[in-house]
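We count ligands from 1, going down the list as the structure has it; atoms in each ligand are counted the same way. Counting from 1, the numbers follow the sequence of the chain as shown.
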Amino acid sequence: MEISELLEGVKKGDRRSLARAISWVENEMPDYEALLHGLQFSRNTPVIGITGPPGAGKSTLINALIKLICSQTNVDGHPNTVGVIAIDPSSPFTHGSLLGDRLRMQEHFTNPQVFIRSLATRGALGGLSAKTLEVCDVLRASNFDFIFIETVGVGQSEVEIIGLADTVVVTLVPEAGDEIQALKSGIMEIGDIFVVNKMDRAGADLFAAGIIKTLHERPAHGEWVIPVLKTNASAYEGIEELLQSIQAHSKTATANHRLSLMAERAYRLIQHGRMKNVNVKDLKDQLKSVFEKEDFNLYRFVKK
Ligand SMILES: Nc1nc2c(ncn2[C@@H]2O[C@H](COP(=O)(O)OP(=O)(O)O)[C@@H](O)[C@H]2O)c(=O)[nH]1
Ligand SMILES: [Mg+2]
């Protein structure tokens with residue numbers, strides 16, 4: 001297939017073209033860069049990152065949001081469409097979450113208004129955000145009204161979501177230890193909206209109050225007052241309020257904020273591009289014959 005044809009399909013939201021374009025990008029097929037260079041971003045599609053610990057209910061929440069969003073129409077009076085990227089860090093910690101995500105969002109797999117794609121990260125840390133960014137941009141060049149990215153907020157990935165998403169929704173559950181874990185992981189710094197999911201559990205109010213208190217102790221970022229919402233994603237409770245908050249946050253995005261995001265994205269892509277052919281194993285091979293020499297100098301080696 002010609003790239004121009006593929007790009008045209010992506011633009012129109014054609015499923016097969018989208019799937020194909022994403023595979024090209026994901027597997028770095030020949031010409032995938034030409035594909036990326038041909039993307040056009042005529043719409044300003046909001047990209048919403050849903051992050052939080054495994055099992056917090058992120059997929060269930062996205063499922064509920066999809067249902068609500070698809071029941072509404074967009075500015076042109078057409079039924080809304082949604083693109084979803086679910087990222088599965090293939091670590092033992094979250095093993096099997098891909099399958100879980102598929103199950104949770106299964107009802108939407110045949111819905112023509114919804115396009116869902118899972119990305120396995122194959123343990124590549126730095127590469128995750130670059131690849132996700134590229135795949136997300138394929139969706140942004142299409143005609144979706146909303147794009148969701150599900151990421152597990154543990155370790156480094158929660159920081160990586162910042163440059164990716166326009167709005168970051170941090171999802172937590174009222175569980176002893178979760179709050180402390182959240183505070184430690186740096187996840188509190190990145191949320192534009194906080195969701196206490198599984199509000200049907202005991203302690204949800206207290207947990208939410210704790211988060212509000214913690215947020216108040218932080219210096220405010222601009223005008224936006226970070227909402228702390230309670231949801232029961234499996235029962236579709238609190239979903240309308242969440243969508244309203246997401247839309248309200250999208251509207252607050254200033255040109256300056258968008259500029260910062262773009263700079264963050266550019267930085268990631270450059271970093272990823274530069275590191276592409278560098279790995280420890282090759283370095284070890286190259287070092288093998290020289291590192292014990294008397295005149296060996298690590299800095300000259302690195303420069304070379
Ligand atoms: N009781 C209760 N269970 C929920 C709620 N939301 C999700 N769950 C359940 O929590 C489990 C993990 O949900 P999932 O969406 O896969 O979490 P993820 O790993 O964050 O994507 C599933 O069994 C869901 O059915 C909720 O609001 N209340
Ligand atoms: Mg999930």
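Put simply, Thr60 stays out of reach of the Mg ion (ligand 2), with no N, O or S atom under 2.8 Å from it.
Only side-chain heavy atoms of Glu150 come within less than 4.0 Å of ligand 1; its backbone N, CA, C and O stay farther off. For Thr60, heavy-atom contacts with ligand 1 shorter than 4.0 Å involve the backbone as well as the side chain.
Residue-to-ligand polar distances keep Pro54 apart from ligand 1: every N/O pair is separated by 3.5 Å or more. By the 3.5 Å distance cut-off applied to N or O atoms, Gly55 is counted among the residues near ligand 1. In terms of polar-atom proximity, Met199 is not counted as a contact of ligand 1, lacking any N or O under 3.5 Å from an N or O of the ligand.
Taking a 6.0 Å sphere around CZ of Phe41, one finds it holds more than 12 heavy atoms contributed by other residues, nucleotides or ligands.
The two residues Ala56 and Val173 come nearest to each other via the heavy atoms O-CG1, 3.4 Å. Between Ser142 and Gly13 the shortest heavy-atom distance is OG-CA, 3.3 Å.
Remark: the Ser23 side chain and the Arg117 side chain contain an N/O donor-acceptor pair separated by less than 3.5 Å.
Judged by distance alone, the side chain of Asp166 and the main-chain N or O of Val47 form a donor-acceptor pair under 3.5 Å. In terms of modelled atom types and a separation under 3.5 Å, the side chain of Lys58 and the main chain of Gly52 share a donor-acceptor contact.
Contact between Gly52 and ligand 1 is absent, with no heavy atom of the residue lying under 4.0 Å from the ligand. For Arg201, the heavy-atom gap to ligand 1 stays at 4.0 angstrom or more.
Within Glu150, the N/O/S atom positioned nearest the Mg ion (ligand 2) carries the name OE2.
A side-chain contact (heavy atoms from CB on, under 4.5 Å) with Val168 is found for exactly one of Ile48, Thr151, Ile190, namely Ile190.
Near Asn232, the atoms of ligand 1 lying under 4.0 angstrom from a non-hydrogen atom of the residue are 26 (C), 27 (O), 28 (N).
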